[in-house]
Every structure is written in structure tokens, then in C-alpha cells.
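Just follow the structure's listing: the first ligand is 1, and inside any ligand the first atom is 1.
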Amino acid sequence: MMRNKLNKVYNAMGIFKHPSSPQTLGFASNVRSERSSIVRPEPCEQKLTVPNAEYAAYEEWLSDHPSALVSFEEMMTSAKGKKIVMFLDYDGTLSPIVDDPELAFMSDKMRSAVREVAGCFPTAIISGRSRDKVHNFVKLNEVYYAGSHGMDIMAPPRKHKSGDFKYQTPSVGEKGNSAIFQPAQEFLPEIEKIFDELEKATKVFKGVTVEDNRFCISVHYRRAEEKVHSDVKRIVKSVVDKHSRFHKTEGKKVWEVRPSIKWNKGNALEYLLNTLGFDESSDVLPIYIGDDRTDEDAFEVLQKRGQGFSILVSQKPKETRASYSLRDPSEVLTFLLRLAKWRQDS
Ligand SMILES: O=P(O)(O)OC[C@H]1O[C@H](O[C@H]2O[C@H](CO)[C@@H](O)[C@H](O)[C@H]2O)[C@H](O)[C@@H](O)[C@@H]1O
């Protein structure tokens with residue numbers, strides 16, 4: 001039974017037989033993978049050796065976080081009659097993780113899949129990047145954007161309910177049909193100072209770059225030699241320690257410096273649902289797809305609301321609040337296309 005289920009998973013991954021013994025699997029990669037040597041399945045060309053134990057652990061994890069491709073029909077059965085709202089993370093979800101953050105482009109196929117989905121359901125992209133930067137990568141006007149981990153949201157104008165959001169300071173967007181919500185505005189001058197300090201303090205490390213994400217800052221060390229990683233951490237800590245209103249969090253080979261306000265991707269998800277008029281709706285079905293620790297805040301919100309589907313993008317077992325999983329952006333693409341087709345056919 002379990003084996004059949006897994007074979008379905010491996011089929012969806014492009015691996016046609018369940019790997020039951022130490023294997024050489026035939027799939028090739030042209031995409032660097034964050035966590036594993038197992039990468040996006042593509043036509044068989046190159047051989048990769050996959051240790052058995054890794055698969056055993058992944059198999060076990062899959063039984064708790066089943067593939068959203070394998071579970072698609074089941075998920076859609078429970079989505080019938082509900083209003084789907086789609087939330088997507090950017091890096092590692094819509095674009096593969098690459099060495100240079102400036103080159104994390106999204107494929108045209110992915111862009112057109114997101115466009116399709118956005119034509120069917122309200123769709124938002126919630127990213128750690130600045131809102132402008134993620135918009136430049138995605139290049140779609142039909143989706144909502146929440147940059148800086150949700151601290152910079154462009155959304156439909158909000159129906160006010162006084163007191164429900166502490167940081168509510170929306171202003172009308174350029175075209176009057178959208179509102180900008182920036183709960184960390186007051187931190188901007190200090191963020192700019194910290195950015196300069198971080199650039200100065202890390203310039204001794206070859207391969208370390210500091211990225212301006214407007215309301216937060218990323219210090220990337222993916223391209224730095226491993227032996228300096230702990231020094232980078234120490235230096236970032238020493239800078240952040242001087243600014244009591246800020247803290248650092250860890251992402252994928254990145255330290256993120258953020259204002260210490262209670263606002264994260266989970267709050268952004270709720271804010272967007274509310275602005276879309278779904279605050280008290282019992283028939284809304286939010287779907288959130290993300291790959292990183294910061295996405296866990298959004299998964300937690302869905303868990304607490306007891307609504308929607310949370311999907312973690314991961315090639316390895318990982319502790320998560322997400323209910324479902326997808327292995328990589330190529331599976332995210334398949335899922336989005338199936339979702340749009342499901343809506344068009346129904
Ligand atoms: O919330 P996200 O959209 O997932 O943003 C999180 C961080 O993503 C980017 O960094 C990550 O992706 C880069 C490109 O693939 C990679 O080089 C880096 O190592 C990853 O950490 C982005 O550059 C960061 O600013 C975001 O905070």
C-alpha cells in the first residue's frame with residue numbers, strides 16, 4: 001500500500017521506480033539544489049548515487065506531508081465550492097535557489113503558470129525580497145505583492161475595521177485601486193544605517209554580499225568559503241546587537257536583519273485575506289506554497305484557522321507545520337498548472 005503510494009510520488013518526480021536499494025537513479029540536473037544532491041528530475045542523462053537512508057527518511061516524512069501532486073484529486077474534492085486564494089513565496093518556490101541572488105530568475109513557463117492561476121483566483125506573492133525587486137522578477141500586474149517578509153504590501157484598498165491591525169497605516173496606491181501597507185515605516189532611517197554598517201563590516205569577506213530588501217536586509221554567505229561562515233555570523237551579530245529594535249533570523253545561507261515588530265508572512269497572509277474581504281468567511285480556501293523558515297509563520301496561521309492547504313517545498317525531511325509537500329519549483333509549476341486546469345474544467 002505504502003509502496004504504491006510512494007511509487008506514485010516517484011512517478012510524479014519523474015523517477016519511474018521506487019528506489020528500494022542503494023541506487024543509481026537516472027535524472028539530470030541543471031539547477032543547483034539547496035539541501036540535497038537530489039535535484040529537479042529532468043530527462044535521464046546523468047547518474048546520481050542516492051543513499052538508501054536518505055530515501056527511507058524521506059519516505060517516512062512523506063507519509064506525514066504527502067505530495068500535493070499525489071494528493072491533488074483529494075485536495076480538490078475538499079476545495080469544491082470554496083473560494084481559493086493563492087499565496088506563493090518567491091525564492092526556492094517560484095525560482096530555484098541559485099548562487100547569485102541577483103540572478104534568481106523565474107522561468108517563462110513559471111510566469112505563465114502564475115498568470116493562469118491569477119486569472120482563476122486572487123493570487124499574492126509574499127517574499128523576503130523588497131516588493132519592487134520581486135515585482136521585477138515576476139513581472140505580472142495581476143498579482144498582489146508583499147515584500148520584505150510582508151512588511152511592504154500592495155493590496156486592494158482595505159475595508160477598515162478599527163483596531164484590528166496595530167500597524168494599519170495604509171495609503172492609496174498610485175492608481176487609487178490599491179493600498180500600500182508598510183508597518184515598519186518608522187524603522188527606515190535605522191535600516192539604512194544598519195545596511196551601511198553591514199556592508200562595511202562584511203567587505204573583508206570574499207563572496208559575502210549585503211542585499212537591500214527595503215524593510216529588512218539580507219547578508220548572503222552562499223558564495224563565501226565555508227571556513228568564514230561562523231565569522232560572518234559573528235560580525236552580523238555584533239552589528240545587530242548595537243540596534244536594540246532589530247534582530248536577525250537565519251535563512252538559506254543568509255542572515256536576515258529585521259525590525260522587531262510582530263509582523264511576518266503569517267500576518268501578511270491574514271492582512272491580504274482581510275483586504276480581499278475574506279476575514280469572516282468560512283468558505284475561503286487559502287493555499288500557501290513556500291520553502292523556507294519564514295514561510296512557517298504563514299503555515300501556522302493556516303493551521304490555527306483550520307483552513308486551507310499549506311505546502312512546503314522541500315527535497316528533504318524537515319520539521320514543518322505544512323500539511324503537504326512538493327519537491328522543488330518544477331513540481332510547483334506542475335501543481336499550479338493542474339490547479340488552473342482544474343478550475344477551467346470545473
Ligand atoms: O521569502 P523568499 O522570497 O523566499 O526570500 C528569502 C530570501 O531569498 C533570497 O535568498 C535566497 O535565494 C537566493 C537566490 O536563489 C540564494 O542565492 C540565497 O542563498 C537564498 O538565501 C533573497 O536574496 C533574500 O534576500 C531573501 O530574504
Side-chain angles (χ1 to χ4, degrees), residues 29-35 39-40 87-107 110 114 123-138 140 143-153 184 191 194-195 198-199 202 205 207-226 229 232-233 236 246-259 263-269 272 288-299 310-315 318 320 322 326 328-330 332:
S29 157
N30 57 8
V31 177
R32 188 189 163 91
S33 156
E34 165 64 22
R35 298 193 186 90
V39 285
R40 189 167 88 188
F87 294 93
L88 298 159
D89 166 53
Y90 184 73
D91 290 280
T93 298
L94 296 181
S95 69
I97 295 294
V98 292
D99 283 347
D100 184 348
E102 302 305 317
L103 302 180
F105 300 114
M106 172 179 176
S107 69
M110 185 65 95
V114 175
T123 298
I125 297 179
I126 305 189
S127 170
R129 305 259 191 175
S130 71
R131 180 163 53 83
D132 284 352
K133 202 178 273 182
V134 78
H135 184 266
N136 283 340
F137 276 128
V138 176
L140 293 174
V143 302
Y144 303 110
Y145 291 93
S148 312
H149 294 293
M151 287 182 279
D152 189 1
I153 304 180
I191 292 171
I194 298 173
F195 182 84
L198 285 170
E199 270 209 322
T202 57
F205 301 113
V208 171
T209 52
V210 185
E211 185 183 6
D212 176 1
N213 283 329
R214 186 119 207 257
F215 293 99
C216 43
I217 302 164
S218 289
V219 181
H220 293 277
Y221 56 90
R222 182 174 295 279
R223 288 176 291 173
E225 280 189 296
E226 197 154 347
H229 288 185
V232 176
K233 179 179 178 180
V236 173
F246 287 79
H247 68 284
K248 70 170 176 34
T249 54
E250 191 176 7
K252 293 181 172 177
K253 304 264 165 74
V254 68
W255 291 106
E256 292 168 317
V257 180
R258 309 162 62 158
W263 194 269
N264 56 38
K265 287 186 175 187
N267 299 101
L269 180 151
L272 281 159
Y288 189 105
I289 311 182
D291 75 314
D292 212 345
R293 287 186 199 183
T294 55
D295 298 306
E296 293 294 327
D297 294 319
F299 298 154
S310 47
I311 306 174
L312 177 72
V313 182
S314 179
Q315 303 196 352
K318 193 171 153 187
T320 178
L326 289 168
D328 54 26
S330 75
V332 174

What part of T93, side chain from CB on, backbone N/CA/C/O, both or neither, has a heavy atom under 4.0 Å from ligand 1? neither

Measure from atom 2 (P) of ligand 1 to every heavy atom in I126, V134, V210, D89 and give the option owning the shortest one. D89

Specify side chain, backbone, both or neither for V98, according to which of its non-hydrogen atoms lie closer than 4.0 Å to ligand 1. both

Salt-bridge present (E211, R129; N to O < 4.0 Å): yes

Atoms of ligand 1, numbered as shown, that sit under 4.0 Å from any heavy atom of R129: 9 (C), 14 (C), 22 (C), 23 (O)

Just distances here: any N/O of G128 and N/O of ligand 1 closer than 3.5 Å? yes

Will you find, in the side chains of S330 and D328, an N or O donor that is under 3.5 Å from an N or O acceptor? yes

Check: F205 ring centroid to Y221 ring centroid under 6.0 Å: no

Residue part near ligand 1, for A104, under 4.0 Å between non-hydrogen atoms: side chain

List ligand 1 atoms under 4.0 Å from V254, heavy atoms only on the residue side. 21 (O)

Contact atoms of ligand 1, heavy-atom distance to K265 under 4.0 Å: 1 (O), 2 (P)

Among D89, D297, D292, find the one that has a side-chain hydrogen bond (donor to acceptor under 3.5 Å, both in side chains) with K265. D89

Give yes or no for whether the N/O distance cutoff of 3.5 Å, strictly under, is met between D100 and ligand 1. no

Checking S218 against N213 for the side-chain hydrogen bond (donor to acceptor under 3.5 Å, both in side chains) test, could you report, in this order, the C-alpha distance in whole Å, the side-chain angles of both residues, the deciding distance, and whether it holds? CA-CA 7 Å; S218 289; N213 283 329; 3.1 Å; yes

Quick check: does E256 get an N/O under 3.5 Å from an N/O on ligand 1? yes

Go through the structure and list residues passing ring pair (Phe, Tyr, Trp, His ring centres under 6.0 Å) with Y145, not counting sequence neighbours. H135

Check side-chain hydrogen bond (donor to acceptor under 3.5 Å, both in side chains) between T202 and all other residues, then give those that pass, not counting sequence neighbours. none

Check this for me, if you would: do E256 and R293 make a salt bridge, where the nitrogen-to-carboxylate-oxygen distance has to be below 4.0 angstrom? no

Where on P96 is there a heavy atom closer than 4.0 Å to ligand 1, on the side chain, on the backbone, on both, or on neither? backbone

Just jot down the ligand 1 atoms closer than 4.0 angstrom to any heavy atom of E211, in number order. 22 (C), 23 (O), 24 (C), 25 (O)

What atoms in ligand 1 come closer than 4.0 Å to a heavy atom of D99? 17 (O)

Taking distance alone, with N or O pairs closer than 3.5 Å, would you say T294 contacts ligand 1? no

Is any side-chain N of the basic residue among D291 and K252 closer than 4.0 Å to the acidic one's carboxylate O? yes

